[in-house]
Amino acid sequence: MIRTLKRMRYRIGLSSIFHGLIVLFAFLITIPLIAILYFVVREGITRINWNFLIHIPKPVGEEGGGIANALLGSLIIVVVAALIAIPVGIFSGIYLSENKSSRLSYWSRLAVDILQGVPSIVIGIVIYFWIVKPSGTFSAISGSIALAIMMLPIIIKSTEETLKLIPANLKEAGFALGLPYHKVILRVIVPCGMSGILSGVILAVARIAGETAPLLFTAFGNPYLSTNIAKPMQTLPLLIFNYATSPYEDWHNLAWGASFILLIWILLLNIITKLVTKKWKVQL
Amino acid sequence: MAFAMGKCINKGVKKITYSYRKVRFENIFRRSLMLTALAVLIIVIGIFFTLVVQSMPSIKTLGIKYIWSKTWDPVSDMYGAFPFLLGTLLTSFLALIISIPFSFAIAVYLGEYNTTGWLGGLLKNMVELIAAVPSVIYGFWALVTLVPIVRNFETKIGVAPYGVGIFTSSIVLAIMIVPYAASLGRELIRLVPSSLKEGAYSLGATRYEVVKNVILPHTKSGLMAGILLSLGRALGETMAVTMVIGNTSIIPTSIFSPGNTMASVIANEFTEADRTVYLSALIELALVLFLVTVVINMIGKRIIKRFTYD
């Protein structure tokens, strides 16, 4: 009797120790996250002012200077990447959800799975050989294409998964009214799945907005303000990488400010995705 | 009369050409859907072939011994990938070992202990945030705060205090890969049928025993898949590692010495590689990296697929 009682106490004790450990380890991981957020905000927020946003970096040793070139460059490169990736991604997503078991969709799905795991630096190298080397110059458009390739799997997956859930009788009703195929898809099916597709697109933008590695050999970076997508262009992540690894205090400060802005931007994109998925109850 | 008939025929012809155009447009639409799906496939095949073709010069001149040659010295034209292979394996596996307790704890906590509470929701959002922070910000933070801490620690235990190196990169990597295994594990633990758990509870099992004897055996292969996917992430991660690993091509002697991973050496030397063999040796590294991550991801995805269909 006493032995079973002891045994029971031991088992309950073990269970609560386990519970404690799980809670401890689960919440320990938030410490580095909070440390990073705290650091970036503390170091970054003091650098942010109007001049920081509208000027380009000054040479080492001079006070002031800003990151206007990187802000504009990031915006252009990401927008162009999205313009490339959204139509291609949505169309392949539609194809995959419409043709569930064709041979092409099997291989295409496999390709999407592979593409999702390809390290970003490998994509950068390949785009270097596809576009930068033949054209003879680093360019913003090559960076956009590299980022677009990284966006594709996310957009394709979310489009496919969303459209799969749309009931078939909607489509059949469209056909019964004599609508041609493309109108059924573009006017009935896609609008029904808009929320899921939209959140996939925003998520994809959030994922690539902070990417550096594919831009190292494509957009390359540029210390001056440039809006020509056929020429090298600076982006926020590239600027942070170059200035953070430099030995100069002034450049570190610029990098902190840039980190702060990049972080806010990405947080906003993530919050928007959250709101979109919550409002329309999409499962990603 | 003839005029009216002509009008009528005209109308009919118009109608026919209109529906003909509609059919043609429909075909074009179907074909463009197919073409975009084909384009994704072509991109992946293109990536593979570009890497193979561009690394041909190095495969031809250096052969298979490239993989285990120990010296990387572009100045005297010696290329051996071993230091980078070792560096990549060391950082990734160390990061994996560090991250497993955390990702497991998060998965169990969110999947079993606190599935609906506000604290669980908060933790879930924070874990998602960890995945969202760009890797260059991790690298910058590690460079400024983690490197001095590691340097102090190294002085205390009496090894050469570099601060940067394999150990530091592993810590940063471990933080970055926790979300991948954690969120997958959480999903799988939620899928465990509650009848199984309730059965165990009704037999008098404690919560620990339920986790150990019901949940773990049921989700084992899925948790392994999550770990594999994290490993895939760790192998290919470039920026954060490049910033804190120290960038030397000497074979690391301990986990505290500086080194280089495959991704970081590509990031550092690709734009300054001036000779064909040098450049294509770097691309061969990218090819190896590509193949390894593809294999790991495929195995992981296969396991998950089996899981969700069971």
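So you know, we letter chains A, B, ... as the sequences are listed, proteins then strands, and number each from 1. The figures here come from the full heavy-atom set of this structure, side chains too, leaving out hydrogens, waters and symmetry mates.
Residue A/Ile114 holds its CD1 atom at 9.5 Å from CD1 of B/Ile47, rounded to the nearest 0.5 Å. Atoms OG and CE, on A/Ser92 and B/Met34 in that order, are 13.0 Å from each other to the nearest 0.5 Å. Atom OG1 of B/Thr145 sits about 10.0 Å away from atom CD of A/Glu43, to the nearest 0.5 Å. Separating the NE2 atom in A/His182 from the CD1 atom in B/Ile28 is a distance of 10.0 Å, to the nearest 0.5 Å. Once rounded to the nearest 0.5 Å, the distance linking CG of B/Leu33 with CG of A/Asn99 reads 8.0 Å. A/Ile125 CD1 to B/Gln54 CD: the interatomic distance, rounded to the nearest 0.5 Å, is 10.0 Å.
Contact annotation for B/Glu26: both backbone and side-chain heavy atoms come within less than 4.5 Å of a heavy atom of chain A. Contacts between A/Leu33 and chain B at a heavy-atom distance below 4.5 Å involve the side chain alone, from C-beta outward. Of the two parts of A/Ile149, only the side chain, counted from C-beta on, holds a non-hydrogen atom closer than 4.5 Å to a non-hydrogen atom of chain B. Contact annotation for A/Ala255: both backbone and side-chain heavy atoms come within less than 4.5 Å of a heavy atom of chain B. For B/Leu51, the part sitting under 4.5 Å from any heavy atom of chain A is the side chain, from C-beta outward, and nothing else. If you measure heavy-atom distances from A/Phe129 to chain B, the contacts under 4.5 Å come from the side chain alone. Using a 4.5 Å cut-off between heavy atoms, B/Tyr109 contacts chain A through both its backbone and its side chain. With a threshold of 4.5 angstrom between heavy atoms, A/Leu238 does not approach chain B through any atom at all. For A/Ile90, no part lies near chain B; criterion is any non-hydrogen pair under 4.5 Å. Within the 4.5 angstrom heavy-atom criterion, atoms from both the backbone and the side chain of A/Gln116 approach chain B. Contacts of B/Ser103 with chain A are absent, with no heavy-atom separation under 4.5 Å from either backbone or side chain. For B/Val178, the part lying near chain A is the side chain, with the backbone staying farther off; criterion is any non-hydrogen pair under 4.5 Å. Using a 4.5 Å cut-off between heavy atoms, B/Thr238 touches chain A through its side chain atoms alone. There is no contact between A/Lys183 and chain B, counting heavy-atom distances below 4.5 Å. With a 4.5 Å cut-off on non-hydrogen atoms, A/Ala35 touches chain B through its backbone and its side chain both. Heavy atoms of A/Tyr128 lying under 4.5 Å from chain B belong exclusively to its side chain. Contacts between B/Ile137 and chain A at a heavy-atom distance below 4.5 Å involve the side chain alone, from C-beta outward. Proximity to chain B is limited to the side chain of A/Leu104, based on heavy atoms less than 4.5 angstrom apart. The contact between B/Val211 and chain A is made entirely by side chain atoms (from C-beta outward), counting heavy-atom distances below 4.5 Å. Proximity to chain B (any heavy atom under 4.5 Å) is shown, for A/Leu263, by both the backbone and the side chain. If you measure heavy-atom distances from B/Leu279 to chain A, the contacts under 4.5 Å come from the side chain alone. Only the side chain of B/Leu143 comes within contact range of chain A, with at least one heavy atom under 4.5 Å from a heavy atom of that chain. Of the atoms belonging to B/Val144, it is side-chain heavy atoms, and not backbone ones, that fall under 4.5 Å from chain A. Using a 4.5 Å cut-off between heavy atoms, A/Ile29 touches chain B through backbone and side chain atoms alike. Heavy atoms closer than 4.5 Å to chain B are found nowhere in A/Ala206, neither backbone nor side chain. Using a 4.5 Å cut-off between heavy atoms, B/Glu128 touches chain A through its side chain atoms alone.
Judged by distance alone, the side chain of A/Ser108 and the main-chain N or O of B/Leu41 form no donor-acceptor pair under 3.5 Å.
Remark: B/Arg207 fails to qualify as a cation-pi partner of A/Phe18 under the 6.0 Å distance and 45° angle criteria applied to the six-membered ring.
Ranked by heavy-atom pairs shorter than 4.5 Å toward chain B, the options A/Leu37, A/Thr245, A/Leu96, A/Thr30 are led by A/Thr30. The candidate from A/Ile127, A/Ile185, A/Val23 with the greatest count of non-hydrogen atom pairs under 4.5 Å with chain B is A/Ile185. Across A/Pro119, A/Pro87, A/Ser16, the residue that shares the most heavy-atom pairs under 4.5 angstrom with chain B is A/Pro119.
The minimum heavy-atom distance linking A/Trp130 with B/Ile43 is given by the pair CH2-O, 3.8 Å. Of all non-hydrogen atoms in A/Ala26 and B/Leu123, the two that sit nearest each other are O-CD1, 3.5 Å. Nearest approach of B/Met243 to A/Ala244, heavy atoms of both residues: CE-CB, 3.7 Å. B/Phe102 approaches A/Phe25 most closely through the heavy-atom pair CD2-O, 3.3 Å. Heavy atoms only, all atoms of each residue included: B/Ala132 and A/Ile266 are closest at O-CG2, 3.5 Å. Here the shortest heavy-atom pairing between A/Phe241 and B/Val136 reads N-CG2, 3.9 Å.
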May I have the step-by-step check of side-chain contact (heavy atoms from CB on, under 4.5 Å) for B/Glu112 and A/Ile22, ending in yes or no? CA-CA 11 Å; B/Glu112 171 67 19; A/Ile22 288 288; over 6 Å; no
Given side-chain contact (heavy atoms from CB on, under 4.5 Å), test A/Phe91 with B/Phe29 step by step and report yes or no. CA-CA 10 Å; A/Phe91 265 47; B/Phe29 181 74; 4.0 Å; yes
Might you work through the side-chain contact (heavy atoms from CB on, under 4.5 Å) test for A/Val126 and B/Phe49, ending with a clear yes or no? CA-CA 10 Å; A/Val126 170; B/Phe49 275 104; over 6 Å; no
Give the C-alpha distance, both sets of side-chain angles, the deciding distance and a yes or no for side-chain contact (heavy atoms from CB on, under 4.5 Å) between A/Leu216 and B/Phe270. CA-CA 9 Å; A/Leu216 283 174; B/Phe270 189 78; over 6 Å; no
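Side-chain contact between A/Ile34 and B/Met126 is present, with at least one heavy-atom pair separated by less than 4.5 Å. Under the 4.5 Å side-chain criterion, counting only non-hydrogen atoms from C-beta, B/Thr206 is not in contact with A/His19. In this structure the side chain of A/Lys274 reaches within 4.5 angstrom of the side chain of B/Asn125, judged on heavy atoms. In this structure the side chain of A/Tyr95 never reaches within 4.5 angstrom of the side chain of B/Leu38, judged on heavy atoms.
No more than 12 heavy atoms of other residues, nucleotides or ligands lie within 6.0 Å of CZ in B/Arg31, so this atom counts as exposed by the packing criterion.
Aromatic ring pairs are classed by plane angle as parallel below 30°, tilted from 30° to 60° and perpendicular above 60°; the pair A/Trp256 and B/Phe140 is parallel.
Note: B/Phe25 and A/Tyr181 fail the aromatic proximity criterion, with ring centroids not under 6.0 Å apart.
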Atom pairs and distances, donor-acceptor, side-chain atoms in residues 292-302 of chain B, under 3.5 Å, two or more places apart:
unit_1	atom_1	unit_2	atom_2	d
B/Thr293	OG1	B/Leu289	O	2.8
B/Thr293	OG1	B/Phe290	O	2.9
B/Asn297	ND2	B/Thr293	O	2.9

